[in-house]
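None of the values given here were measured: they were computed from a predicted structure.
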Amino acid sequence: MAESVELPHRLAILPFRNKVLLPGAIIRIRCTSPSSVKLVEQELWQREEKGLIGILPVRDATETTSVGPTLSPGVGTDSGEGSSKIHLGTSDSHKFDGKNQQEFIHWHTRGVAARALHLSRGVEKPSGRVTYMVVLEGLCRFSVQELSTRGTYYTARIAPADMTKAAFSLPTQECRFALQRIICNGSATPPALERDPNYGGSGWLVEGGGEGRTRPEQVPGAHLSSSRGDQTSSSREMEQVEHDPDFMVLSRQFKATAMELISLLEQKQKTGARTKVLLETVPVHKLADIFVASFEISFEEQLSMLDSVDVKVRISKATELVDRHLQSIRVAEKITQKVEGQLSKTQKEFFLRQQMRAIKEELGDNDDDEDDVTALERKMESAGMPPDIWKHAQRELRRLKKMQPQQPGYSSSRVYLELLADLPWQKASEELELDLRAARDRLDSDHYGLVKVKQRIIEYLAVRKLKPEARGPVLCFVGPPGVGKTSLASSIAAALGRKFIRISLGGVKDEADIRGHRRTYIGSMPGRLIDGLKVRVAICNPVMLLDEIDKTGSDVRGDPASALLEVLDPEQNKTFNDHYLNVPFDLSKVVFVATANRVQPIPPALLDRMEVIELPGYTPEEKLRIAMRHLIPRVLDQHGLNAEYLQIPEAMVKLVIQRYTREAGVRNLERNLASLARAAAVRVAEQEHSLPLTKDVHHIGSPLLESRLADGGEVEMEVIPMGVSNHEISSAFRVTSPFVVDEATLEKVLGPPRYDDKETAERVSTPGVSVGLVWTAFGGEVQFVEATAMVGKGDLHLTGQLGDVIKESAQIALTWVRSRAAELKLTSTEGMNLLEGRDVHIHFPAGAVPKDGPSAGVTLVTSLVSLFSQRKVRADTAMTGEMTLRGLVLPVGGIKDKVLAAHRYGIKRVILPERNLKDLVEVPSAVLGNLEVMFLVLFLCMVKVPIYYLLSGWKTCWNTLLKGVALGDSTQSYDMTSTGITLTDFWWGSTCVYFPT
C-alpha cells in the first residue's frame, strides 16, 4: 500500500538561504530563530505525521545574477489571506528570519514541499531558548502564486509543478542514504548532507538532548495528490511523456551513465550492489533529482535543476552533472595509477640493477671504481671497532644494502654507519715522553704566579709519567673570569703531547647535547662529546675541556649535569652510551678538565667526581708582570705593531691597573692596552714612511741627483727589493719616533680615570657608613653599607635588592647593638630604648646587583654603632665576618679574594674572623706586607697580629695567644715570651679599632 499525502493549497514557508532542497533529498536542519521555531512547532510538531511545509530558496541582495523568476511578498492576515501579487524579477525590503534590521532578499518562485522524518525539541542552557532539530524529506515541486505572513513566519498559496503518476514506488530511506554515501566517498569534496550513524536505531543525533518524534518509514511506495482531477490530468501527461521517443533516449542515456558511475564507485569502495535497485524501481525523473541532490554543485546549478519542470530538460541536466562527476573520478584514478606506476618503475629498476650486478660478477667485469656502499664497508672494516660493535654495524650494513636510495630511511642509516666508521675506536695520538722540567718551564712561561695551581698540575703529570694507564682525577679550575683557566687546560695538553678540544657547556639545558638524540627523531644527531671526537680531533685520547660547567641548566628536556655524571666517572665512562650511537664508547682514555666561575651551582654528585682547584684573582704586582711579559707583546702582534712603534712604560701600566681596572682577572687590562695599540696604529698609518738602504740595494751615483739633493729638492724614487717578502718590507719601515704612552695619552685615549684612592674616604665621610668585603663570581669586591636614622616608630628599613640571609643579618646586628647600647655608651642610662621615636634605614649601594650572604654581619654592626655614636669609621678599614646574637664572629669564605679586593681598593687595615687566620696562608706575602690584619673573636675582643707572625711561626703561638684572650682579663700577666706578643697587642672595646682618635 502506498502512503497518500494530500498537498494543500497553502503551505507554511521555511526559507533556505543560498541552498536548495530537491525532491527525494533528505537534509537535517537546526531551527533556533523565533520565526523558524514558531513555524516548526505549529506546522510540524502539533500536526505530527500530517504536517507539511514548503522549502523556498532565497538569495541575498548582494547576489546580482538571477536564475529564474523572483517575487516580492505582500502583507496578508494571520488567517492566511493575503493581498500580494507575484512580481517577476523584482525585490522588496522586508524583515527576514526574525532579524530586526531591514535586509534585501530575493524569493524564488518555485520550491519543494517537505515532510519531517524526525523532530527533536531541546532547550538551550542557560538562556532557556527552545530549539528544534528537524530531518526533512523533499517530496515534490510547487509554484508560489501568492506570499503572505502569518504571525512571525510566511505562508504561500501554491500550485503543483511536477507531473506525477497516480502512484509510484519511492526508494527506501536506507537505499537513498547508501547512494549518498557512495557518491560522497567518491567525490573530492564531501557534501553538506550527512546521515548520522545512529539513524535507524535511536533516530538522528540531537545536540542537547530533548524529546523527539520519528516518522515510521513507509514502503513500498508513496504518492502526493492535490485533487482527483489534477491527479488524473498529471498522470495522463506523464504517460504521454514516457512514450515520447526523445524521453526514452534521454532515459536510457541517463541510466547508462548512472549505472557506470555506481558500478565504478562500488568497485572502488568494495561495497555491495544495494543502490542499483534505484535504477530499476524509481522513475527516471525522480531518480535525476536524487542523484543531483547527492552532488556538491553550485547554488545556481541547484536553482536550475529546481526550475526544470519539464522532465526531459531535467533528465538532460542530470545526465550532464552525472557525467561530469564520473569524469572527475576517472581523472583522479588516472593520477593515482600514474603514481603507482612510478613506484612500480622504481621497483623494476631495483631488480634490473641487482641482475646487472650479478651478471657482472659472473663475467668478472666489475668496475674499477667501487660504489659508495662498498667503500663504506671497507672504511668500517678499517675503523678497528670492538667485536660486538662490529656485529651491530654489519647488521646495519646488510639492512642498508637491501634499501633503495629513494627510501626515507636510507640517508639516516647511511649517516649512522658513516659515524661508526669515522669514530676513533682505536686511533690515539702518541704521547711524548713526559719531561717534568720542560712542563714546568712551559707553565712558567705561559702563566705568571699561580704557584699552587702549577704545582698540582706537575703532580698530576708526574703520576701520569709513572703510570700512564692510571685514571687520574678530573681537575676543575674554579675562579673569576680572566685568570687563565682555559689556557691552563691547553698547557696540560701541550705537556702531554695530545690534541686539545674545548666544549662549551654554558647555557646547555638539553640532555641530548651530552648524550645525543635518539635515532627515531627527525634531524637526530650525536652529542657534543661524540661529535667532537669524530670531527675535531679524530683520536680517542685528547685533552677535553668542559668549559663553564657551572652554567648548565635543566628543563623538561632533561638535566645535562646528570648526564655528565657518567662522563666524568672513571668507572662508567669506559662504556659511555650515546643515544644516537646506541653502542658503548670508551671515554676512559680522554683526559677531562673542567672550568667554572663558582662551585655553588654545580650539583654535589657532579662536584664529587672532580678535584676543585681554586684560582683567585691576581694582585696588582702580578697584573703588572703579566702585562709586561704576555699582554703587551700579544697586543702589539695582534695590531701589527712592535716596540719601535709603541712603547708602554711600566709606570703607565701601573696607572692603567690602578685607575682603569678593578677586576680579579686581566681581561679589562688587555682591552685597555688594545685601545692604546689602536691609537698608535692610527698614528703610524698616518705618518710618512721611508725605506732605508740595505746591503741588497746599491748606491746609484748621478750628478743631477746629487745636485737636487744638495739643493734640498724632492726626488721621487721607487725601490723594489727582490726576494723580500711583504712582512719583511713592512718590518723595514721605520717611523721618526716611537709612540710612547704617558699620563696625558692615557686620559686622551682611555678617558678620565674611573677609580681613585679617594673614593673610600669620600664615601665614609659621615657617621653610619662602613666598608665591607664581599665575594662574587668575578672575585672579591668592596661593599659599602650606609645607615641613617629618622623620626619614626622604631622600624628597620632595608634596601639594595637584598636576600633573606642578609636581611636576617641586619636584624641580628640591630638587636645586638640595642642589647649592648649601655656598654657601648650609646645611651646615657641602662634600659633606655635606643630606637624610641626613630626608625633606622640601612642601604647597600649598587641596588641593581643582588646581594645575599651572612658575611656582612660585622659591617652592619659597625655601621649601626657609628650611626648611634655619631663617630665616623676609619676610611682605611674594611671588614667581613658573620655575627651571632651573643656577639661571636664566625668564619666566612672567600678570604683570599676579599683581601686581594681590599688591596686593590687601597685599604690599609682588614678585620677578619679569628678562625679565618689559616686562610691567609694563600694570600701573597707582598699583599700582606701592605696590610694591617686584625682578628675578631668576640665583637668587643680584637687581636692585632704582627705580619711576621702571619708569614712564619703563627701556628706555634696562636693557641697560647687565644688562651689569654679568652680569659677576658687585660690586667692579668701571661707568659708569652716565646711568642713575642704582649698585652699591648690586645684591644678591648671598639673605639681604637674602628674610629680615628
Is a donor on one side and an acceptor on the other found under 3.5 Å between the side chain of S412 and the backbone of G409? yes
What distance separates L39 CG from Y153 OH, expressed to the nearest 0.5 Å? 5.5 Å
Should we say atom NZ of K38 is surrounded by more than 12 heavy atoms from elsewhere, each under 6.0 Å from it? no
In short, A293 meets A25 closest at the heavy-atom pair CB-CB, 3.5 Å
One pair to check against salt bridge (Lys or Arg N to Asp or Glu O under 4.0 Å): R47 and E41. What are the steps and the verdict? CA-CA 9 Å; R47 297 186 181 185; E41 185 172 356; over 6 Å; no
Could R324 and E301 be called an ion pair, given the rule that one side-chain N must be under 4.0 Å from one carboxylate O? yes
Can you find a pair of side-chain heavy atoms, one from V144 and one from W107, that are under 4.5 Å apart? no
Give the intermediate values and the outcome of salt bridge (Lys or Arg N to Asp or Glu O under 4.0 Å) for residues R399 and E396. CA-CA 5 Å; R399 177 172 171 267; E396 289 290 333; 3.7 Å; yes
Looking at side-chain heavy atoms only, is the closest gap between M133 and H118 below 4.5 Å? no
About how many Å separate OG of S308 and CG of L303, when rounded to the nearest 0.5 Å? 10.5 Å
Scanning both residues in full, the closest heavy-atom pair of V309 with A161 reads CG1-O, 2.8 Å
Check whether any side-chain heavy atom of L119 sits under 4.5 Å from a side-chain heavy atom of V135, and report yes or no. no
Taken in chain and number order and not counting sequence neighbours, the residues that satisfy salt bridge (Lys or Arg N to Asp or Glu O under 4.0 Å) with R129 are E124
Which pair of heavy atoms, one from C31 and one from V40, lies closest together, and at what distance? SG-CG2, 3.8 Å
Are there more than 12 heavy atoms of other residues, nucleotides or ligands under 6.0 Å from atom OH of Y521? no
Compare all side-chain heavy atoms of L261 with those of H325 and state whether any distance is below 4.5 angstrom. yes
Looking only at heavy atoms, the pair that brings I55 and P57 closest together is O-CD, 3.9 Å
So do Q145 and I158 actually touch side chain to side chain, heavy atoms under 4.5 Å? no
Atom OG in S251, atom CD1 in I315: separation rounded to 0.5 Å? 4.0 Å
Heavy-atom check, side chain of T109 versus side chain of S143, under 4.5 Å: no
Salt bridge (Lys or Arg N to Asp or Glu O under 4.0 Å) assessment of R314 paired with D289: CA-CA 8 Å; R314 187 189 311 168; D289 288 332; 3.7 Å; yes
Heavy-atom check, side chain of L139 versus side chain of R115, under 4.5 Å: yes
Do T155 and S148 pass the side-chain hydrogen bond (donor to acceptor under 3.5 Å, both in side chains) test, and can you show the C-alpha distance, the side-chain angles, and the key distance before you say yes or no? CA-CA 5 Å; T155 63; S148 61; 3.2 Å; yes
Within the 4.5 Å heavy-atom criterion, are V37 and T32 side-chain neighbours or not? no
Rounded to the nearest 0.5 Å, what separates atom CH2 in W45 from atom CZ in R121? 4.5 Å
Which pair of non-hydrogen atoms, one from Y410 and one from V373, has the smallest distance, and what is that distance? OH-CG2, 3.9 Å
With a 3.5 Å distance limit and no angle check, can you tell me whether S524 reaches the backbone of T520 through a side-chain donor-acceptor pair? no
Distance, nearest 0.5 Å, that separates CD1 of I27 from NZ of K19: 5.5 Å
Polar side-chain atom of Q302 near backbone of V20 as donor-acceptor pair, under 3.5 Å: yes
For the pair R141 (side chain) and L306 (backbone), establish whether a donor and an acceptor sit closer than 3.5 Å, ignoring hydrogens and angles. yes
CG-CD1 distance between L136 and I53, expressed to the nearest 0.5 angstrom: 5.0 Å
Using the ring of Y132 (Phe, Tyr or Trp, six-membered ring only), decide whether R30 places NZ or CZ under 6.0 Å from its centre and within 45 degrees of its axis. no
Flag for T257-T319: side-chain donor and acceptor within less than 3.5 Å: no
